[in-house]
> 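Sharing a structure here in structure tokens format.
Start at 1 and go down the list; that is how both ligands and their atoms are numbered. Sequential numbering from 1 along the given sequence is applied to the chain's residues.
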Amino acid sequence: MTRTYKIIVFSGDGVGKEVVPETVKILKSARDVVTGFNLEFTEFPCGGKHYLETGKEWPDEAWDACKNSDAILFGAIGWPGAVKSGGVLAGVDILLGLRFGLDLYANLRPAKLFEGIESRVLDKSSKDVDFVVVRENTEGLYAPIRGALNRGGIEELAVDVRVITRKGAERIIRYAFNLCMRRGGAPRDGKRRVSCVDKSNVLDGCRLFRKIYDEIAKGYEEIERDYVYVDAMTQWMIRAPEHYDVVVTSNFQGDIISDLSAVLIGGMGVAPSANIGEKYGMFEPVHGSAPDIAGQQKANPIGSILSGKMMLEWLALKHSDKACKRAAQRIEEAVSKVLIEGNIRTPDLCYGKYAGLSPSKTQEVGDAILRKIEK
Ligand code: NAI
Ligand code: MG
């Protein structure tokens with residue numbers, strides 16, 4: 001029986017409206033070419049601009065639709081001037097609401113450098129960079145335990161509490177080890193390795209995180225243990241990315257090092273991500289709404305398209321669906337071919353030896369990938 005997956009789509013603000021339609025186009029094409037599974041898309045408006053127009057961040061029925069979905073595709077939120085009372089960015093409660101509300105505890109950010117993209121870091125090629133940052137997504141410094149003290153109109157003090165729980169650490173670290181078992185090891189030596197990134201020389205939360213890492217690591221003899229302090233990690237990731245396979249860390253530290261990892265693979269425009277829980281999954285490019293280039297067909301759709309590919313991989317694993325897996329592979333191969341051919345690329349990738357190219361539009365990159373899928 002052909003399985004149908006219900007996909008909820010939020011293009012959101014800015015370049016989200018340009019890159020997400022390309023992603024849906026690519027997913028539909030891979031579905032039609034591979035066959036054996038079905039995808040049914042339902043789109044809802046959301047974000048800052050929607051808030052300015054309607055006074056709501058998203059329609060009331062969107063939340064229930066997400067709870068009844070098989071997966072969620074997200075673009076980006078955030079629009080200049082779209083701010084709620086208290087100075088909160090309109091739209092941000094959707095993102096955090098989905099992450100917390102659907103308990104999407106694992107944030108995956110693969111840093112894979114494709115052939116045909118020059119790393120912005122010297123002397124590193126596609127053979128050197130292929131690791132995944134597994135970031136805890138529901139606690140740490142972003143747990144909503146915070147406050148400010150205002151005395152006599154003076155802002156005197158602000159506190160953000162960083163929460164590390166045994167449950168939170170256990171499930172993210174276990175996720176990282178299981179993911180490592182499904183991968184081929186680090187580029188440098190082919191060894192399976194999970195690197196624990198923390199600041200356990202100073203912070204109690206990090207000491208608990210590392211203790212639990214050691215407990216879980218005992219169950220995975222074939223995986224090498226590796227420990228890095230987060231401050232040192234910012235240089236090792238750049239100097240020796242080939243050492244890394246899977247990197248596991250807490251929320252705030254993961255936020256920072258995963259943005260850094262995007263530099264290794266060609267920038268924000270090509271960086272994908274997944275937010276995964278026991279039941280739900282939400283897939284989005286790492287970048288935001290990029291108001292500086294929005295509406296001009298300058299945005300690179302590849303970060304979003306590769307997020308769509310991660311969605312298919314996740315559905316394939318969750319439902320043991322081989323057709324979904326083949327469709328994911330087909331998308332990755334198509335992206336790779338377009339990048340290797342080199343002549344069709346958005347402005348963000350026209351540097352280095354591609355500096356002289358005349359840049360392509362968002363849609364042209366989507367079309368080029370589509371042609372490779374259909375071939
Ligand atoms: P941003 O990621 O939107 O843009 C940073 C830089 O990367 C800009 O120079 C932009 O032009 C470039 N860029 C982003 N996406 C690109 C793409 N697909 N192709 C080529 N270049 C791309 O981050 P920024 O400027 O800090 O934030 C803009 C808005 O987005 C803000 O309102 C922010 O709050 C929001 N935001 C939303 C996120 C989300 O929805 N998950 C994540 C990050 C920021
Ligand atoms: Mg970030």
> Would you indicate which of T362, I293, V92 comes nearest to atom 22 (C) of ligand 1 when only heavy atoms are counted?
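It is I293 that holds the nearest heavy atom.
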
> Evaluate the salt bridge (Lys or Arg N to Asp or Glu O under 4.0 Å) criterion for residues K211 and E215: first the C-alpha distance (whole Å), next the side-chain angles of each, then the deciding distance (0.1 Å), finally the verdict.
CA-CA 6 Å; K211 185 167 185 282; E215 288 171 15; 3.6 Å; yes

> Please determine whether any non-hydrogen atom of G303 lies less than 4.0 Å from an atom of ligand 1.
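Outside the 4.0 Å threshold, so no.
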
> With heavy-atom distances below 4.0 Å as the criterion, list the atoms of ligand 1 near A299.
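Matching atoms, with element in brackets: 18 (N), 19 (N).
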
> Ring centroids only, cut at 6.0 angstrom: are Y142 and F100 within range, meaning strictly under it?
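When the ring centroids of Y142 and F100 are compared, they turn out to be at least 6.0 Å apart.
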
> Determine whether the side chain, the backbone, both or neither of P291 has a heavy atom under 4.0 Å from any heavy atom of ligand 1.
side chain

> Taking 4.0 Å as the limit for heavy-atom contacts, which would you say applies to I77 with ligand 1: side chain only, backbone only, both, or neither?
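Both parts.
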
> Taking only heavy atoms of G269 into account, list the atoms of ligand 1 that are under 4.0 Å away from them.
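With G269 as reference, the close atoms of ligand 1 come out as 17 (C), 18 (N), 19 (N).
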
> Taking heavy atoms and a distance under 4.0 Å, where does L95 meet ligand 1: side chain, backbone, both or neither?
side chain

> For the pair Y220 and N178, evaluate side chain to side chain donor-acceptor pair (under 3.5 Å) and give the outcome as yes or no after the intermediate values.
CA-CA 9 Å; Y220 296 83; N178 286 336; 2.6 Å; yes

> Would you say G288 and ligand 1 have an N/O pair spaced under 3.5 Å apart?
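Checking ligand 1 against G288, an N or O pair does fall under 3.5 Å apart.
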
> Quick test of your reading of the structure: of S289, G78, P347, whose heavy atom lies closest to atom 29 (C) of ligand 1?
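Heavy atom nearest to atom 29 (C) of ligand 1 belongs to S289.
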
> Could you measure the distance from the CD atom of E224 to the CZ atom of R192? Nearest 0.5 Å is fine.
12.5 Å

> Looking only at side-chain N and O atoms, does E278 offer a donor or acceptor that is under 3.5 Å from a partner on Y105?
yes

> At a non-hydrogen distance cut-off of under 4.0 Å, which region of N300 contacts ligand 1 (side chain, backbone, both, or neither)?
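Both backbone and side chain of N300 come within 4.0 Å of ligand 1.
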
> Will you find, in the side chains of D13 and Y51, an N or O donor that is under 3.5 Å from an N or O acceptor?
no

> For ligand 1, which atoms have a heavy atom of E284 less than 4.0 angstrom away?
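Listed by number with element: 41 (N).
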
> Below 4.0 angstrom from a heavy atom of A76, which ligand 1 atoms are there? Numbered from 1 as shown, please.
40 (O)

> Assess the residue pair T362 and E364 against the criterion (side chain to side chain donor-acceptor pair (under 3.5 Å)); give the C-alpha distance rounded to whole Å, side-chain angles, the decisive distance to 0.1 Å, and a yes or no.
CA-CA 6 Å; T362 307; E364 290 169 341; over 6 Å; no

> Decide if the gap between the ring center of F37 and the ring center of H319 is smaller than 6.0 angstrom.
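So the answer is no for these two rings.
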
> Tell me whether R345 forms a cation-pi arrangement with Y354, defined as NZ or CZ under 6.0 Å from the six-membered ring centre and within 45 degrees of its axis.
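Judged by the rule (NZ or CZ under 6.0 Å from the ring centre, within 45° of its axis), R345 counts as positioned above Y354.
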
> What atoms of ligand 1 come closer than 4.0 angstrom to any heavy atom of L89?
34 (O)

> Measure the distances from the heavy atoms of D292 to every atom of ligand 1 and state whether one is below 4.0 angstrom.
yes

> Does any N/O atom on A290 come nearer than 3.5 Å to any N/O atom on ligand 1?
yes

> Are any side-chain N or O atoms of E374 and backbone N or O atoms of S29, one a donor and one an acceptor, separated by less than 3.5 Å?
no

> Backbone, side chain, both or neither: what part of D13 comes under 4.0 angstrom of ligand 1, heavy atoms only?
neither

